[in-house]
Amino acid sequence: MKKVFYPLACLVAGALVACGGQKSGSAQADQPNEVALAYSKSLKAPETDSLKLPVDENGYITIFDGKTFDGWRGYGKDKVPAKWTIEDGCIKFNGTGGGEAQDADGGDLIFAHKFKNFELELEWKVAKGSNSGILYLAQEITSKDKDGNDVLEPIYISAPEYQILDNANHPDAKLGKDNNRQSASLYDMIPAVPQNSKPFGEWNKAKIMVYKGTVVHGQNDENVLEYHLWTKQWTDMLQASKFSEEKWPLAFELLNNCGGDNHEGFIGLQDHGDDVWFRNIRVKVLD
């Protein structure tokens with residue numbers, strides 16, 4: 001069948017539209033379509049390279065094809081760290097047991113295109129006792145050390161985190177407040193209710209919607225929390241968390257203006273030192 005290509009110039013206001021003005025999937029919903037997304041190849045690089053990706057009749061763009069890391073790279077890096085591999089059509093992080101002490105072969109993984117208003121859907125599973133997370137609206141942040149050298153800051157100081165956890169076996173499940181470090185929670189701020197995650201070794205569905213400041217987390221086909229960025233509620237939550245202005249001034253500043261001036265950022269998968277798998281990763285642009 002004929003393939004329809006939508007160059008990046010046709011992403012008018014973020015919507016998927018054909019060059020003639022038709023929305024993708026309207027006139028040719030029965031045919032496979034593709035969309036071009038720009039992406040950046042290295043730390044703070046502009047999105048000057050373009051990648052063609054499949055988009056279905058509902059507007060969902062497949063950003064991982066189960067075979068390659070096209071469009072993906074390490075956070076702050078120009079390649080995919082070696083501990084991230086592709087296994088049976090899944091992205092896998094091969095754990096070291098070192099927790100958040102990331103090494104040169106590890107580190108967080110990002111899809112290197114900045115999304116603004118979107119729905120993200122994927123599936124994940126963990127090994128026994130594993131911890132990970134999905135980051136969104138992330139920026140690549142550096143600061144200066146005492147000698148004036150650039151130092152890469154961790155991804156989570158600029159990005160809200162959808163927690164991924166083996167609730168039954170990881171101690172983080174009992175920390176925080178009111179279960180706000182359990183699976184699908186907004187990490188350290190809002191608990192997922194109901195808590196409907198499946199045990200380690202089983203696949204879970206995750207959904208994150210970001211639309212003009214409203215954020216919804218979904219888990220296994222249920223919405224489990226909602227909050228609103230760039231509001232007094234958001235600032236108050238930050239002040240009550242580990243990212244408060246007093247405890248972590250840089251994190252507070254970045255998260256309080258989450259997504260930066262354009263309110264957009266990368267989607268990231270966390271290296272927390274444990275085995276975790278991701279598959280069926282797709283994004284729908286809502287602009």
From CA spacing to verdict: side-chain contact (heavy atoms from CB on, under 4.5 Å), Leu152, Tyr75 = CA-CA 9 Å; Leu152 184 68; Tyr75 171 75; 3.8 Å; yes
query = Do Ile208 and Ile267 have side-chain heavy atoms sitting under 4.5 Å apart?
reply = no
query = Any side-chain heavy-atom pair from Phe64 and Ile91 closer than 4.5 angstrom?
reply = yes
Polar side chain donor-acceptor pair, Asn117 to Asp287, under 3.5 angstrom = yes
query = Rounded to the nearest 0.5 Å, what separation is found between the CD atom of Gln182 and the CG atom of Leu175?
reply = 10.5 Å
ask   = What's the spacing between Ser197 OG and Ile164 CD1 if we round to 0.5 Å?
value = 10.5 Å
request  = Answer yes or no: is there a side-chain heavy-atom contact under 4.5 Å between Asn196 and Val224?
outcome  = yes
ask   = Charged N to carboxylate O below 4.0 Å: is that the case for Asp49 and Lys41?
value = yes
task = State plainly whether one hydrophobic cluster holds both Trp203 and Ile134, where clusters connect Ile, Leu, Val, Met, Phe, Trp and Tyr through side-chain heavy atoms under 4.5 angstrom apart.
result = no
key: Rounded distance [0.5 Å steps], CD1 in Ile281 versus CD in Glu123   = 10.0 Å
ask   = Are any of the side-chain heavy atoms of His170 and Phe200 separated by less than 4.5 Å?
value = no
key: Over all atoms of both residues, closest heavy-atom pair of Ile86 and Lys67   = CD1-O, 3.3 Å
query = Within the distance-only criterion (no hydrogens, no angle test), does the side chain of Thr142 pair as donor or acceptor with the backbone N or O of Asp150 below 3.5 angstrom?
reply = no
message = Taking CG in Asp147 as the centre, count heavy atoms belonging to other residues, nucleotides or ligands within less than 6.0 Å. Is the count above 12?
response = yes
inquiry  = How long is the straight-line distance from CD of Glu34 back to CG of Leu51, given to the nearest 0.5 Å?
reply    = 9.5 Å
Any Phe111 side-chain heavy atom under 4.5 Å of Leu120 side chain = no
ask   = Does Ala45 offer a backbone N or O that forms a donor-acceptor pair with the side chain of Ser42 under 3.5 Å?
value = no
task = Indicate yes or no for a side-chain donor-acceptor contact from Asp105 to the backbone of Pro81 under 3.5 Å, with no hydrogens or angles considered.
result = no
query = Is there a path from Trp277 to Leu165 through hydrophobic residues (I, L, V, M, F, W, Y) whose side chains come within less than 4.5 Å of each other?
reply = no
message = Determine whether Trp72 and Trp84 satisfy the following criterion, side-chain contact (heavy atoms from CB on, under 4.5 Å), listing intermediate values before the conclusion.
response = CA-CA 11 Å; Trp72 295 82; Trp84 291 95; over 6 Å; no
Nearest atoms (heavy-atom pairs only) where Leu250 meets Ile157 = CD2-CD1, 3.7 Å
request  = Nearest 0.5 Å please: distance from the NZ atom of Lys242 over to the NZ atom of Lys247.
outcome  = 9.5 Å
ask   = Charged N to carboxylate O below 4.0 Å: is that the case for Arg181 and Asp188?
value = yes
note = Looking only at heavy atoms, the pair that brings Val276 and Ser132 closest together is CG1-OG, 3.9 Å
ask   = Do the side chains of Ile63 and His113 get nearer than 4.5 Å, heavy atoms only?
value = no
query = Are there more than 12 heavy atoms of other residues, nucleotides or ligands under 6.0 Å from atom CG of Asp236?
reply = yes
request  = Assess whether side-chain contact (heavy atoms from CB on, under 4.5 Å) is satisfied between Leu137 and His263, documenting all intermediate values.
outcome  = CA-CA 7 Å; Leu137 298 177; His263 291 167; over 6 Å; no
query = Taking Asp56 for the side chain and Asn58 for the main chain, is one N or O donor matched with an acceptor at less than 3.5 Å?
reply = yes
ask   = Linking I/L/V/M/F/W/Y whenever any side-chain heavy atoms sit under 4.5 Å apart, do Leu53 and Leu109 land together?
value = yes
query = In terms of hydrophobic clustering (I, L, V, M, F, W, Y; side-chain heavy atoms under 4.5 Å; direct or indirect links), are Met237 and Trp230 co-clustered?
reply = yes
task = Determine whether the aromatic ring centres of His272 and Tyr156 lie less than 6.0 Å apart.
result = no
ask   = Just by modelled atom types, is the Asn131 backbone N or O under 3.5 Å from a matching donor or acceptor in the Asp274 side chain?
value = yes
ask   = Taking 4.0 angstrom as the limit, do Lys44 and Glu140 come out as a salt bridge?
value = no
ask   = Is there side-chain contact between Met209 and Leu286, with heavy atoms separated by less than 4.5 Å?
value = yes
Other residues, nucleotides, ligands: >12 heavy atoms within 6.0 Å of Glu202 CD = yes
query = Does any donor atom in the side chain of Gln195 or Asn179 lie under 3.5 Å from an acceptor atom in the other side chain?
reply = no
key: Between Ser185 and Asn180, a side-chain donor and acceptor under 3.5 Å   = no
message = Could you check whether any side-chain N or O of Asn167 sits under 3.5 Å from a backbone N or O of Ser183, counting only pairs where one atom can act as donor and the other as acceptor?
response = yes
key: Sidechain-backbone polar pair: Glu226 side chain, Val216 backbone, donor-acceptor under 3.5 Å   = no
key: Side chain proximity check, Leu37 to Phe115, heavy atoms < 4.5 angstrom   = yes
message = A quick test of your reading: do over 12 heavy atoms of other residues, nucleotides or ligands sit less than 6.0 Å from NZ of Lys77?
response = yes
key: Side chain Glu47, main chain Lys114, donor-acceptor under 3.5 Å   = yes
query = Which heavy atom of Pro154 sits nearest a heavy atom of Trp248, and at what distance?
reply = CG-CZ2, 4.4 Å
Smallest separation among heavy atoms of Tyr39 and Gly71, with atom names = CD1-CA, 4.3 Å
query = Any chain of hydrophobic side-chain contacts (each under 4.5 Å) joining Leu186 to Val193?
reply = no
task = Please report the shortest heavy-atom distance between Ser158 and Cys258, naming the atom on each side.
result = O-SG, 3.9 Å
key: Residues Tyr136, Val215; criterion side-chain contact (heavy atoms from CB on, under 4.5 Å); working and verdict   = CA-CA 11 Å; Tyr136 49 97; Val215 181; 3.5 Å; yes
task = Assign the ring pair Tyr227 / Trp234 to parallel, tilted or perpendicular, where the plane angle (0 to 90°) is split at 30° and 60°.
result = parallel
task = Could you tell me whether Lys207 and Glu119 have a side-chain N and a carboxylate O separated by less than 4.0 Å?
result = yes
task = Enter the distance from Leu225:CG to Met189:CE here, rounded to the nearest 0.5 Å.
result = 10.5 Å
inquiry  = Taking Gly66's backbone N and O only, do any of them form a donor-acceptor pair with Arg279's side chain (distance below 3.5 Å, no angle check)?
reply    = no
Lys128 side-chain N/O to Asn169 backbone N/O, donor-acceptor pair under 3.5 Å = no
